[in-house]
Amino acid sequence: MEPQTSETRAGGERATQYTVIKVRLHPTAEQAELMEKTFGCCRYLWNRMLSDVQEFYAATDVHYIPTPAHYKKEAPFLKEVDSQPLCTVHQNLRRAFLDFFRNPASFGYPQFKTKKARRDAFTVYCRPYRTGPSIRLAENGIQMPKLGLVAATIHRRPLHWWSLRSVTVSKTKSGKYFCAVTFGYEAKQPEAVSPAPDKTLGLSFFPSRFYVDSEGGSPSLPPLAKSREKLSRMQKKLARMERGSRNYEKQLHKIRLLHERTANQRRDFIHKESRRIANAWDAVCVRETNLSELSQKLKQANVLDYGFGMFRECLQYKLERQGKALITVSRFTPTAKTCHVCGAIDERPHEQDWVCPACGAAIVREVNSARNIRDAGLAG
């Protein structure tokens, strides 16, 4: 899987870029137990700090977040884990409140974390010390505070000028441990590429084919339909079992593994397809489609299962790293009703194929929409 990336732009020709490499961890029983304690301590600390913030604000009308050291006397088990994840929880809660106060419409009020619907994860930042950095990437694992050397399957090595910034340890529902290692480095900003009509691609989202481009092509989709059918059969089998029994837990674990496999198939397809397009074209034009609203209209199409929103995000940062642009066209542009040959707009409802009443051109609906998206993006 290709690592996710992000950028922080700075003045001048160079900027700090960040690359994340996700690796599989193979901890020992003692290390796994310490990880579980860290997950629980982070969740406990988040809930306690959030509760105290609400009580303190109701009593004094002042917003104040206590530090993690405030709770270590009454909760001595917090001393058993590394202090860095606890400090990160304090920073995350502070950032969550800042985002909420700045834009309440986009960021909701911080919520309590329940053990049932949890996402087990904690973040440790790399600190420079006289004896060396607190986190070190070894040949066969990752050295972390208190955990020691955790064995890992590292599929990609960082370049020698990359500096390790932080690691985020997470646990999936199927019981696997992963570590997202963040590296930062100075990189020269790429020169902006001017989009030309013959090197610009238009993409029209089409649920059953993922997308149709302005060249009339569409990708080969992973076998997600087979996975959905298998998942349906497994869930029906689970519903007939006694909740809490040994067979129930075994079947539930199989379902979690299938969910994980389906997500990996989707993510692998998205990264490979976005990389292929970003390398082959100078600019890409897409329509500003509200996928949540579209999924309500097309409930039988499984719009959100294909991950087109993630595809747009991956395509955007891959294009930006090469100085290319992802051009977004307004959702109100009549791309499907406009003839790409003469530009005439036909308001009549159309089937998949139709004939333009103005110029008589044979129109294929999705290809016509993709070409109009490309033309509208270039014009804008």
Exercise. Should D99 and R95 count as an ion pair when the cut-off is N to O under 4.0 Å?
Worked result: no
Problem set entry | Heavy atoms from other residues, nucleotides or ligands near NZ of K72 exceed 12 (cutoff 6.0 Å) | yes
Exercise. Between NZ of K37 and CG of D82, what distance do you get to the nearest 0.5 Å?
Worked result: 14.0 Å
Exercise. How close do P158 and W162 get, heavy atom to heavy atom, and via which atoms?
Worked result: CB-CE3, 3.4 Å
Exercise. Are the side chain of S51 and the backbone of N47 linked by a donor-acceptor contact shorter than 3.5 Å?
Worked result: no
For this session: Show your reasoning for whether ring-ring contact (aromatic ring centres under 6.0 Å, His included) applies to Y211 and F205.
Result: CA-CA 4 Å; Y211 72 77; F205 175 63; 9.4 Å; no
Exercise. Is there a donor-acceptor contact under 3.5 Å from the side chain of T333 to the main chain of V329?
Worked result: no
Exercise. Can you tell me if N368 uses its side chain to pair, donor with acceptor, with the backbone of V364 under 3.5 Å?
Worked result: no
Seminar exercise, completed: Correct closest heavy-atom pair for H259 and Q235 would be NE2-NE2, 4.2 Å
For this session: Mind checking the CG-CZ spacing from L221 to R266? Nearest 0.5 Å is all I need.
Result: 11.5 Å
Problem set entry | F308 and F311 aromatic centres sub-6.0 Å | yes
Problem set entry | Enclosure of Y109 OH (heavy-atom neighbours >12, cutoff 6.0 Å) | yes
Exercise. F39 vs Y177 aromatic rings, parallel, tilted or perpendicular, using cut-offs 30° and 60°?
Worked result: parallel
Exercise. Does the pair E36 and K171 meet the rule for a salt bridge (Lys or Arg N to Asp or Glu O under 4.0 Å), with working shown?
Worked result: CA-CA 9 Å; E36 295 294 337; K171 181 184 178 183; 2.7 Å; yes
Exercise. Same cluster or not: are L45 and F97 linked, directly or through other Ile, Leu, Val, Met, Phe, Trp or Tyr residues, by side-chain heavy atoms under 4.5 angstrom apart?
Worked result: yes
Exercise. Near K237 NZ, under 6.0 Å, is it more than 12 heavy atoms from other residues, nucleotides or ligands?
Worked result: no
Exercise. Checking side chain to side chain donor-acceptor pair (under 3.5 Å) for the pair T67/H90: CA distance, chi angles, key distance, verdict?
Worked result: CA-CA 7 Å; T67 61; H90 181 269; over 6 Å; no
Exercise. Are Y57 and I65 grouped together when hydrophobic residues (ILVMFWY) are joined by side-chain heavy atoms under 4.5 angstrom apart?
Worked result: no
Exercise. In terms of side-chain heavy atoms, does Y71 have a donor or acceptor partner in R48 at a distance below 3.5 Å?
Worked result: no
Problem set entry | Check: D282/Q322 side-chain N/O donor and acceptor closer than 3.5 Å | no
Problem set entry | R127 atom CZ, neighbour heavy-atom count above 12 within 6.0 Å | yes
For this session: Would you please say whether a donor-acceptor pair under 3.5 Å links the side chains of T123 and S166?
Result: no
For this session: First locate atom NZ of K22, then atom CD1 of I154, and finally report the distance between them rounded to the nearest 0.5 Å.
Result: 15.0 Å
Exercise. Between F178 and R24, is there a cation-pi geometry (under 6.0 Å to ring centre, at most 45° from the normal)?
Worked result: yes
Exercise. Salt bridge between E80 and K146, side-chain N to carboxylate O under 4.0 Å?
Worked result: no
Exercise. How close do I363 and C356 get, heavy atom to heavy atom, and via which atoms?
Worked result: CG1-N, 4.4 Å
Exercise. Looking only at atom types and distance, does a side-chain atom of Q31 sit under 3.5 Å from a main-chain N or O of L147, one as donor and one as acceptor?
Worked result: yes
Problem set entry | N-O pairing of R246 and E249 below 4.0 Å | no
Exercise. So, the side chain of S369 versus the backbone of R365: is there a donor-acceptor pair under 3.5 Å, distance only?
Worked result: no
Exercise. Hey, does the side chain of R287 reach the backbone of R331 with a donor-acceptor pair shorter than 3.5 angstrom?
Worked result: yes
Exercise. Any idea which heavy atoms bring Y18 and R321 closest together, and the distance?
Worked result: O-NH2, 3.0 Å
Exercise. So, do F101 and H63 have ring centers that fall under 6.0 Å from each other?
Worked result: yes
For this session: Give the minimum heavy-atom separation between P85 and V124, together with the two atoms involved.
Result: CG-CG2, 3.7 Å
Problem set entry | Between R267 and N264: side-chain donor-acceptor atoms closer than 3.5 Å | yes
For this session: Kindly indicate, with the supporting measurements, whether the criterion side chain to side chain donor-acceptor pair (under 3.5 Å) is fulfilled by R276 and S274.
Result: CA-CA 5 Å; R276 183 189 66 82; S274 59; over 6 Å; no
Exercise. Do you know the tightest heavy-atom contact between G307 and I270?
Worked result: O-CD1, 3.3 Å
Exercise. Sub-3.5 Å donor-acceptor pair from the side chain of R157 to the main-chain atoms of E139, do we have one?
Worked result: yes
Problem set entry | E74 atom CD: more than 12 heavy-atom contacts under 6.0 Å | yes
For this session: Would you confirm whether K199, through its side chain, and A280, through its main-chain N or O, come within 3.5 Å as a donor-acceptor pair?
Result: yes
Problem set entry | Heavy-atom donor-acceptor pair, S245 side chain to E242 backbone, under 3.5 Å | yes
Exercise. In terms of side-chain heavy atoms, does S174 have a donor or acceptor partner in E260 at a distance below 3.5 Å?
Worked result: yes
Problem set entry | Between CG on residue L34 and CD on residue E30, distance to nearest 0.5 Å | 10.0 Å
For this session: To the nearest 0.5 angstrom, please state how far the OG1 atom of T335 sits from the NE2 atom of H340.
Result: 13.0 Å
Exercise. How long is the gap from NZ on K73 to NZ on K79, to the nearest 0.5 Å?
Worked result: 8.5 Å
For this session: Report the C-alpha distance between Y185 and T19 in whole Å, list the side-chain angles of each, state the deciding distance to 0.1 Å, and finish with yes or no for side chain to side chain donor-acceptor pair (under 3.5 Å).
Result: CA-CA 9 Å; Y185 54 93; T19 297; 3.1 Å; yes
Problem set entry | Chi angles and distances behind the ring-ring contact (aromatic ring centres under 6.0 Å, His included) call for Y44, F77 | CA-CA 11 Å; Y44 168 83; F77 55 86; 5.2 Å; yes
For this session: Examine F210 together with F269 and report whether their ring centres are nearer than 6.0 Å.
Result: yes
Exercise. Is the backbone N or O of G202 less than 3.5 Å from a side-chain atom of S214, with the two atoms forming a donor-acceptor pair by type?
Worked result: yes
Exercise. Do K318 and H271 get their side chains close enough for a donor-acceptor pair, meaning under 3.5 Å?
Worked result: yes
Problem set entry | Short side-chain donor-acceptor distance under 3.5 Å, S204 and E366 | yes
